[in-house]
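Numbering of ligands and ligand atoms starts at 1, following listing order. What you are looking at is a predicted structure, and each value in this text was computed from that prediction instead of being measured.
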Amino acid sequence: MHKHHSALGLASPRSTVVRGIDIVAQRPVQPVTLTRPHAASRAARFFVEKFPGRSMYAVKANPSPDLLQILWDSGVTHYDVASIAEVRLVASTLPGATLCFMHPVKAEEAIAEAYFTHGVRVFSLDSIEELDKIVVATKGAEDLTLCVRLRVSSDHSKLSLASKFGAGPGESKELLMAARQVADALGICFHVGSQAMSPEAYANAMERVRAAIVEAAVTVDVIDVGGGFPSSYPGMEPPPLERYFATIHRAFESLPVSYSSELWCEPGRALCAEYSSLIVRVEKRRGSELYINDGAYGALFDAAHVGWRFPVNLLREPDSNARDMEFSFYGPTCDDLDHMAGPFLLPADIRAGDYIEIGMLGAYGSAMRTAFNGFGSDQTVIVGDEPMVSLYTEVEEPAVANNVVKL
Ligand SMILES: *Cc1c(COP(=O)(O)O)cnc(C)c1O
């Protein structure tokens, strides 16, 4: 299931040596993002074909218009947006897309513009105040799908989303009954937290949904299991996604909802993690610490702030024979916080001037870059080789070999 392709190693010499030589020969001074449209397309098709309901893309994970177009071309028709800027972005990039405004706390002006200008009909909420806001902003619209967000546990996830949003057990009954009065279609949604490492996360959340439906005794038309579908990182290899889908399907089938009710999900990370990687240069080595030219304020926010480990590969020609050892990284800014503990496994003879590919940065990597302290780069190159890890392929060798990087 998880196939690792070393960037310059023997595992896939056809696809990556060309890229490695090119990178090493051209010696880019700024970090370079490599994007892999085929990997995002494959992930999208996987969800469209195998999730037992509708898959909508959570735009915040990576709002790149190129990526939005790839997902659209691969069959993703619905988009989970959380701000008016995301509404405008998707509406202008994909005029045919259906937008669902799934942030439970919105500005009234944003709701009004989404409804009247961009045709948005699906909104989430977790309070009576938000329900009132939606009614006022849409001038009492009668064609709304309203999804009540329940607070559920993030116990199985690497990044919690359990505190900020969601109606708790004491609040959901009143809210579901009130939303039912207003909504054309009533939904229930939740988010189990990002990078959920077990399908149990969804089974447990669905029990909370069941209790809320029974307590409120309302007819529910949509069950939206949110995001949280994992990708694969060092030390965080999840079970196959099919297991998640089967668990969700089983739980959905046993809920007391109408026969015609729909099942939705909102994957962010799982659709785009494999879409991009980053090539960085080592500017200095101090023992087991490497000073690289991207970091906490660039595409490596999660590596710095939540200790996320990403797969790494030395790009050197000829390849190093040294054994691997554990390194940490410092980013380029003048700030102690710009530190990524890792550990990142790289050959012991790595030195200043070497290039490293950091993989699986398509989700919450490029989306969070800043230009703080004058660092950062928009340089992007489209490549056709396999991502360093994939949940969506069991292919031994990449099929595409013409991976020439022109900078
Ligand atoms: C962030 C978010 C998602 C996507 O979460 P992933 O863990 O990236 O799949 C989906 N829905 C909502 C409401 C979110 O806030």
Side-chain angles (χ1 to χ4, degrees), residues 40 43-44 46-47 51 53-64 67-68 71 76 78-87 90 98-106 110 114 120 122-127 130 145-167 187-199 201-202 205 209 222-233 236 238 241 244-245 248 263-276 301-302 306 308 310 360-368 391-392:
F46 185 95
F47 267 84
F51 182 77
R54 169 178 295 150
S55 301
M56 54 175 150
Y57 174 56
V59 172
K60 80 167 186 286
N62 187 331
S64 146
L67 175 62
L68 294 175
L71 297 177
V76 177
H78 288 57
Y79 293 78
D80 161 6
V81 286
S83 62
I84 195 63
E86 286 184 357
V87 171
V90 182
T98 302
L99 307 186
C100 303
F101 207 154
M102 303 308 280
H103 193 307
V105 184
K106 296 168 286 298
V120 178
V122 183
F123 296 89
S124 84
L125 63 146
D126 67 358
S127 67
E130 187 75 9
T145 295
L146 296 181
C147 294
V148 170
R149 169 98 169 242
L150 298 184
R151 184 156 67 235
V152 301
S153 159
S154 277
D155 285 352
H156 290 282
S157 301
K158 294 293 178 182
L159 290 175
S160 174
L161 291 172
S163 322
K164 192 169 180 178
F165 299 131
I188 294 183
C189 61
F190 56 79
H191 198 303
V192 297
S194 205
Q195 185 74 6
M197 292 301 290
S198 166
Y202 296 89
V209 170
V222 174
I223 300 293
D224 176 355
V225 300
F229 297 93
S231 192
S232 186
Y233 305 88
M236 290 194 282
L241 287 172
Y244 290 74
F245 296 176
I248 289 166
L263 176 65
W264 299 356
C265 69
E266 305 166 355
R269 177 187 305 283
L271 288 185
C272 60
E274 299 177 17
Y275 177 58
S276 69
F301 182 98
D302 282 342
V306 287
W308 214 267
F310 293 93
M360 312 301 281
L361 283 172
Y364 307 111
S366 44
M368 293 168 77
L391 283 181
Y392 305 102

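Distance NZ/K60 to CD/E86: 8.0 Å, rounded to 0.5 Å. Atom NE2 of H78 is separated from atom CZ of R54 by 3.5 Å, given to the nearest 0.5 angstrom. For the atom pair OH (Y364) and OG (S231), the distance works out to 11.5 Å, reported to the nearest 0.5 Å.
Ring-plane geometry between Y202 and F229 is classed as parallel, the angle between the planes falling under 30 degrees on a 0 to 90 degree scale with a further cut at 60.
The one candidate from V120, V59, V122 that meets the side chain to side chain contact (heavy atoms under 4.5 Å, CB included) condition with L99 is V120.
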Exercise answer, ligand 1 polar atom pairs (N/O) under 3.5 angstrom:
residue	atom	partner	partner atom	Å
ligand 1	5 (O)	H191	NE2	2.9
ligand 1	7 (O)	S194	OG	2.5
ligand 1	7 (O)	G228	N	3.1
ligand 1	8 (O)	R269	N	2.8
ligand 1	8 (O)	Y364	OH	2.6
ligand 1	9 (O)	G228	N	2.9
ligand 1	9 (O)	G268	N	2.9
ligand 1	11 (N)	D80	OD2	3.0
ligand 1	11 (N)	E266	OE1	2.5
ligand 1	15 (O)	K60	NZ	2.8

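Judged by the 6.0 Å and 45° rule, K106 forms no cation-pi pair with F123.
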